[in-house]
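Since this is a predicted model, take the numbers as computed values, not measurements. Position 1 is the first residue of the sequence; numbering continues from there.
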Amino acid sequence: MAVSEISRCTYHVFLSFRGEDTRKSFTGHLYTALVHLGIQTFRDDEEIERGNNIKDEIEKAILHDSKISIVVFSKNYAASTWCLNELVMILEHKKSSKHIVLPVFYDVDPSQVKNQTGSYAEAFTQHEQNFKSETNMVQRWRNALKEVAAIGGMVLQDRHESQFIQDIVKEVQNKLHLISLYVPPYLVGIDSLVTQINQWLEQDGANKVGIATICGIGGIGKTTIAKVVYNQNIPRFEGYSFLADVRETSQDCNGLVRLQSQLLSDILKGKSHKIYNIDNGINKIKEVVCCRRVLLVLDDVDELEKIRKLMGTQIPFHLGSKIIITSRNRCLLNAHFISQMFDSEASTSCGGLSKLFEVKELASSESLQLFNWYAFGHNSVPESSMAYAKSLVKHCGGLPLALQVLGSSLSSKSVSSWKSALEKLEEIPDSKIQKILRISYDSLEDNHDKNLFLDIVCLFIGKDRDYTTTILDGCDFYTTIGIENLVGMSLLIINEKNKLMMHQMIRDMGREIIRQESCDIGKRSRLWHKNAFDVVREKIGSRTVKCLTLDLKGLLEDKAKRTNTTLHFPKNSKSQFLMANDVDMETQAFAKMKRLKLLQLDYVRLKGDFKDFPKRLRWLRWHGFCMQSFPVDFDINELVVLDMRNSKLKQVWKDTECLPNLKILNLNHSHSLLKTPSFSGLPSLEKLMLKDCINLVEVDQSIGELKMLTFLNLKDCTSLRKLPRTIGSLISLEELILSGCSRLDDVPRELHNMESLKVLNLDETAIYQSRLGLQWLLLKRSKGLGFSWASLPGSLVKLSLESCKLSNDVMPNDLCNLASLKSLNLSRNPIRYLPESLKYLTELDQLLLTSCTELQMIPKLPVLLDVFECNFIFGVNSSLLPRFFSSTRCVNIFGCEKLTEVEDLFKVEPIENFGAEEIRRLFNVDSINRNRLQLYSYLTDSIMLATPQVLQECGITSTFVVGSEVPIGFKHRTNEHRISFFLPTPSHPDEKIHRFSLCIVFSLASDQMLELLPGVHIFNETKRIMQRYRSSFIGIPQTNDNTMLWLIHWPVTDCQFEGGDLVSCMVVPMHLSIRKFGVTCESEHNIGYEYDFSHLSTGDEVSTRNIKIDLTKFLLSLESYGNVKVQLCSYIEESKVVLYDYGIITTFDPLPFDYHGHYFGHQAGKTEVSISVPPNSSRKISCFLNSIIIFSAKNDKTYGFLPCLEIVNETKGTKWTYSKHFMGIPETKNTLYWTTCWNFRGDELEAGDHVSLRVLSDLSVLEIGIDLVYDYELDDNPNFFSQLPRMSKCFKYLLGIFVYISSKSEKDLYRLQSLVKC
């Protein structure tokens, strides 16, 4: 069969199977294995509802669209009349064409199928009863089974499923004569990355050249992923070649020529070309690639020079060609190389299409699946091996190579062998794995980077990058460039906290290199843990030792764990030394270690003098140092970092010590320290840490001589009363932490001389009590000007005064000198109002007022500007609460129990402030029940007990009162949460609808009502205008049986609502039960709005600077294809998780379906919904298809499920599928909301196309809805939105999800902190 003949078929393979038997097991694995090899496979995914369209589609797939039918016979295959009819159709097609049939006997014998015995006999007994009048049909089924059983097929027998699938795939390849690369039959965790690469290949694929790197550590699966992508995409290119092991092959004699020959042979479909030398090969390659679209994969490339030698420079690739490189070096490609490699036209396009794909470690659940496959041949673990399997999987750290090697080596082994293997691995890494991983180490350019890597392996994993750089720079390393090289070679990772991280097996590889230096541990260059202990204890160290790290406390705790005993070491207690005191260690053990530079001796006690101790130390960490001062004969002259946390020091050294290179001195938690040392001999000191030195009473005057000091931490030095005036001479100091210094009542005025000071923390200090403190705070007082904090340096960016008992008596009105301030923390102070001068702090991004229990009013401040901006994003009358915490400019007012007004945002007033006529006009009622009630504020997370309060926010006025009936003045009524009506025709042309009055009678439905805001929507269905309102307050009925009225005065603008419009009003109840609902509308001539806020009137003056920062830095990043990526951290309550996959955003959302009432397509109780793409009135860049699916878990124990979405453009005949494995579903929340957003570009979806979405899931599908919006869609405020690219309804919805989670997270954190402080 020729490849050209195959290419005319839509599918290579048609899969026929009994879904109930094998869909989620054998057939599912077989389908995946075929697809990964680029074999286009048809699988009928509809098992429940089969109609004429499905039958026609399957008949078409069998008769016209596939070359091979694989029929999977299982125990219940014959019970399905659908399967039997399908088999008859396949065999009839075989007789009239070259169609190939491959029977697969999964868990039945061919004789059972042929003779219809066992379960097949039972099935036919039932068929004969059901089809008594159609005996001919039953006989056709019997004949078909006999015929197919006679064909030479594949039988499982006693083989592992993995091997069986592999054999089937090979047989299919042979029959199709496909040129594809072998990949393992069972692959885990690669689908998302493969999809990303496939999408990159498809993007403008016909007219642009592209080059990409797939990078990652050795054994992570780069080559496997490249093979899968290659197999799936070769039909799309005119020429293709996969050059394996470029690094290794190029080192052989004539290795590059062999690679060139293979590349030419592959592209020219086997035609051989004589290549005389490398230059000749380059010229021939250029001749070949210039006239056809090619796909080239260069596997395992370690340096760019090899690519140049292989293909030359200025290569005239044909438009649409793609090059994929796999490498351990993530920095392999650069702009200079691209400009050299491609000709001028291609390099211009390629620069925009170059891409980096990084392969990450597998998740723990994925790792266990892969390990099980190699260890047991299926995805399940015997109970006896489960504990060991999990330990082994954890040891592998998500590295596929390690999982494969260890799983295969332990296959069919006893439990005792598993235990022994695990114990061995903890001491001796597996040699096969180490050999692969060491390639990255050997590829480092010089000994400098190799030694740097080994030092990090031994000492600095998990340490701060800057801290490590300071130490290793002092050891004559060029650390900055060295770390960049290690990161580039995937040997090191810098995490989001700037910590140096490393894969566990990379670490083990590095330590194994050190172990192999010598069989004598005393002659190794670096020593750690048990080996370090043995060398010191036995005094067998030598000159070769450069680094030694020993944590005696940790060593003893590890030993206790291994022997199942328990050691308790309370923090800073003497008991932690009890066992250490019995260990006999002497300073003499270090006498021969003349080259020792890096030393850690945590909780070690040494006997003897220090005259022969190593004198070249650059880093000394000695936690729990038990002497009262440094030994006089201890030469530490070359130290760069001295870390003496938890020491017993009373004075650091007796005389002035000259340490010219010391940059960091850490004495944190030294509880016996009375006075700081003299700093005269420390000219290079940059960081000084004295945290929790609870007996420290004096800071030496010489601190003013530290001209290089940038960081000073005196937190929780509870005995410290004052600071020396010389502290004002610290001209380089950037951060000063004095929080928790509860007796500190004097801060020198010279503080204003610190021109570099950016952070000042004075939390819980006593500056408010002392006259001296007040003199510092209130340096200047004059009538009319109030107070001034003129002593504070104008360079301050962050100032924290939490819990300082500051009241308005000592709060200044003049803060103009703090123009650079970005963060101000006044939390837990008894202030009643904020000074007006805060409005001049235009750079202020964060204002923390947590638990300011006396605060009553917040004026309009620049820090609140984003709240106004967000109202434009989400539309007039949108929810206030989440926007209050929506951006980089954050105001935290949790616990401000008496806060009743934030200027231009909301205001709360007692009902007594309003006259009867005003109440009647606002709420359409004659009188209001004034009984006291509980009112909860979502903004402050507090409850007040008072008479009814009138709330004004977002132009809407509302109140909560005790009651159970909708007043008579409300024209439209219902007992549901939704009501629809037509607006009356006006009696006068100038008469306009100017407001709606709503009355909602509700009771409690859940004790979770304080977690989610109830909302109200008014939807003009005629004009397709939606307005939403979420109150930042809610009345709390006394019990579940009690009811309450929620009265709302809702003004609307001209032309939004007109006579004859169909209007729907809906309550989104969340945890409320809606008993009754009433609505009425009023119209007047050109009415004004008394309670509207000015910031809603226009968007022309709104600044977008901070919105842009918010969307790009803290919330959303736009990937290359315009897909929105939601990035969220873990929160205290993981009740909602947002996940991201390439091109698709997925979220579990606890909101009710009615919240998304604008969905165009909606179905209840079905698994499919369809819409027609609406016309696009604006410039089309792309469109988003949003969907929401409501699932119901089958039981409370559901922990994970695999839903699949399928979108079909029925007009164009194209289909997209997406599945996601979700884990950790809360057991008590059985109704799940899954929201997805799909980004379509170009002509994939066009106006008039009929689009359907289908859901396949283990869970029950309760409801499904979809809508489609075009990107760049402009809403009510085009001037504002034109400044915000990629703003769409989808974008806004996702922003709302993030805002909800972030505000809830902050609230949970506040509650947790409040509990701790109690």
Task: E1082 versus S997, side-chain donor and acceptor atoms under 3.5 Å - done: no
- [ ] May I ask you to decide if V1063's main-chain N or O and D1061's side chain share a donor-acceptor pair within less than 3.5 Å?
- [x] no
TODO: Kindly compute the distance separating CD1 (I928) from CD (E912), expressed to the nearest 0.5 Å.
DONE: 10.5 Å
Open item on the list: Determine whether a donor-acceptor pair (N or O, by modelled atom type, separation under 3.5 Å) exists between the side chain of T1211 and the backbone of H1250.
Closed with: yes
Task: Q949 (side chain) donor-acceptor with T947 (main chain) under 3.5 angstrom - done: yes
- [ ] Taking N1209 for its side chain and D1249 for its backbone only, find out whether a donor-acceptor pair lies under 3.5 Å.
- [x] no
Open item on the list: Which heavy atom of E1021 sits nearest to which heavy atom of S980, and what is that distance?
Closed with: OE2-OG, 4.2 Å
Open item on the list: I need the single residue from R921, R995, Q952 that forms a side-chain hydrogen bond (donor to acceptor under 3.5 Å, both in side chains) with H1049. Which is it?
Closed with: R995
Open item on the list: Please check if the number of heavy atoms outside K971 that lie under 6.0 Å from its NZ is greater than 12.
Closed with: no
Open item on the list: Can you classify the ring geometry of F960 versus W1046 as parallel (below 30°), tilted (30 to 60°) or perpendicular (above 60°)?
Closed with: parallel
Task: Side-chain touch F914/E909, heavy atoms, less than 4.5 angstrom - done: yes
Task: From CD (Q1027) to CG (N1020), nearest 0.5 Å - done: 9.5 Å
TODO: Apply ring pair (Phe, Tyr, Trp, His ring centres under 6.0 Å) to F981 and list each qualifying residue two or more places apart in sequence or on a separate chain.
DONE: H972
Open item on the list: Quick check for you: to the nearest 0.5 Å, what is the distance between L933 atom CG and M944 atom CE?
Closed with: 10.0 Å
- [ ] Supply the atom-to-atom distance L951 CG to T959 OG1, rounded to the nearest 0.5 angstrom.
- [x] 8.5 Å
Open item on the list: Atom CD1 of residue position I968 - does it have more than 12 heavy atoms of other residues, nucleotides or ligands inside 6.0 Å?
Closed with: no
- [ ] Using a 4.5 Å cut-off on heavy atoms from C-beta on, say whether the side chain of V1067 contacts that of F1002.
- [x] no
- [ ] Taking the side chain as every heavy atom from C-beta outward, state whether I993 and V1052 have any atom pair closer than 4.5 Å.
- [x] yes
- [ ] Measure the CD1-CG distance between I1000 and L1072 for me, rounded to the nearest 0.5 Å.
- [x] 9.0 Å
- [ ] Heavy atoms only: give me the nearest C1081-L983 pair and the separation to one decimal.
- [x] SG-CD2, 3.9 Å
Task: CD1-OG1 distance between I1074 and T1043, expressed to the nearest 0.5 angstrom - done: 11.5 Å
